[in-house]
Amino acid sequence: MSTTAPPPPAHDPKLNSDQLNQPESDHLSSTVDLPTDPLLDSGSFIHATSGSNTTTTTCDHTPNRRESTRAQQSANPATSNGAESVSAPETTPLRRPVATATSSETPNWLPPGWTVQDRVRTSGATAGMVDKYYYHIASGNRFRSKKEVLYFLETGTKRKRKKENSDGDMDSLGSSGSTKQKQSTKGKTSELNFDYYNAPDSVQWVLTDPSEDSWSPFIGEDKVPESIRQEWAAAFTHLTRSGGGHPTF
Amino acid sequence: MDAKNNAKRRKLKPPVTLTGTAKEGCIGPSIGLIDIGTSVNAYIFRVALPGVRNNESLLQCEIRRDGKVQIRGLITEGGALLKGIPTVYQMKVQQLCPPGQFTVSFTLPGPVDARLFTPTFRPDGVLEGVVMKCIYPRMYR
C-alpha cells in the first residue's frame, strides 16, 4: 500500500495543470460538452508518464488531441470516466503486479483455499480507494465482492456480468443488481409452466403431518402430486419474493 | 383517519358461520375468531382454533376460487387427564368447545388462487394462511 501510494500524487500536479489548460482552451474554441474533459484528463495522464515535456507542448495542439481522444471515445462509447477508473485495474494485467498490495488476513466467513488482496487504485478519479479481491486458488477465479464469492460457493459458477453499459461508479453494485434481476427472470422462466390463468375452483388442504406442519393439497378426491405441489410452492415464493407486481405477460 | 381505518376494518370483516361444536362454545376463548389482512397480491388470515390438537384434529382447509374458506377439524376429548394420581378427571365442558367436529367458514374479500396457499398451524392454536389473490379475476368472471 505504502509503495504504490506516492506515484499518483507525483502525477497529479501535472494533471491538474493540463486540466486547467485544456478545458479553458476547449471553452474558448468551441462549446464542448463536459464529459469529454475527463477523457482528456485520462489521456494526458498516459502521456505524462512518458515525459512532462510532451504534455506541455501538446497543450498548444489541444484541438487535435481532442479529436484523437474523441476518436477513441467513439471507438468505445460506453466507457465513462468512472467506468474506466474502476475497470482499469482488472482489464490491464500489466498493472497488476504494480497495484497488488498487502494480502490482508482472510475474513472468517471465507473457507480455506482462498486468498484476499487489498489493492489500491492508482489512477482515475477514485485513486487511493482500496478494493478487496478474493482469489479462489484451485480454480484461479478472482472475485470482487463477498457477494460474488458467496454466489460462487453456492453455485460453483461465476456470476455473469452484463455488458459495460452501466454507470462506472455503480460498477460493482450495478453488476450485482443486474445479475440479481437476471436470476429473477431466470426463475420466472422456470415457473412459466405454472398456469396462472386456470386456477382450480377449489383446493382442499389437509394437515397430513402435524408435527412438521406439512399440508397436502387435494383437488376433489385426488391428492395433488408432489412435483406439481412443488411447482405451486415455487410460484408462491416467486410471487411473494418479487415483492408486489404480478407477472405481466 | 381513525374512522376511515375503522370503516376499512369493518369492511374486511366477513360474516363467519360456525356449525357444530364451534357454535356452542361461544363464551370462553372461542373457536373461529378470525382476522384477515391484505397486501397488494395476497391475503393473510388467522383463525383461532383453541383446543384443536395438532395430531388428532384432522384439520383441513378448503380454499375456493371465489375466496370462500372452510376449515374443518375435530376437537378431541380433552377431559381425561392422569396427573400422577390414579384418578381420572371428568371435564364438564361449559366454557370451551365440547369435543366433536366443527367447521369454520368465511369469505375472503376477493377471489384467490387456491393453489398458492401456505398454511401454518402454529403451536399456539392459531391457523395462519397466506393466499395469493387471483391474478386474473377477469378470467374468472
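For clarity, every value in this text was computed on a predicted model and none was experimentally measured. In what follows, every chain begins at residue 1, and chains take the letters A, B, ... in the order their sequences are listed.
A pairwise comparison of heavy atoms in A:Pro200 and B:Asp113 identifies CD-OD1, 4.4 Å as the closest pair. For the pair B:Arg115 and A:Trp205, the tightest heavy-atom approach, listed with the atom from each and the gap, is O-CZ2, 3.5 Å. Nearest heavy-atom pair, A:Trp215 versus B:Gln60, reported as atom, atom and distance to 0.1 Å: CZ3-CA, 4.4 Å.
Residue B:Met132 holds its CE atom at 9.5 Å from NE2 of A:His238, rounded to the nearest 0.5 Å. To the nearest 0.5 angstrom, A:Thr237 atom OG1 is 9.5 Å from B:Leu116 atom CG.
Looking at A:Pro217, neither its backbone nor its side chain comes within 4.5 Å of chain B, counting heavy atoms on both sides.
Between A:Leu207 and B:Phe121 there is a side-chain heavy-atom pair separated by less than 4.5 Å. Residues A:Phe236 and B:Val130 have side chains in contact (heavy-atom distance under 4.5 Å, counting atoms from C-beta outward).
Each of B:Ile63, B:Val112, B:Ile71 has some count of heavy-atom pairs under 4.5 Å with chain A, and the biggest count is that of B:Ile63.
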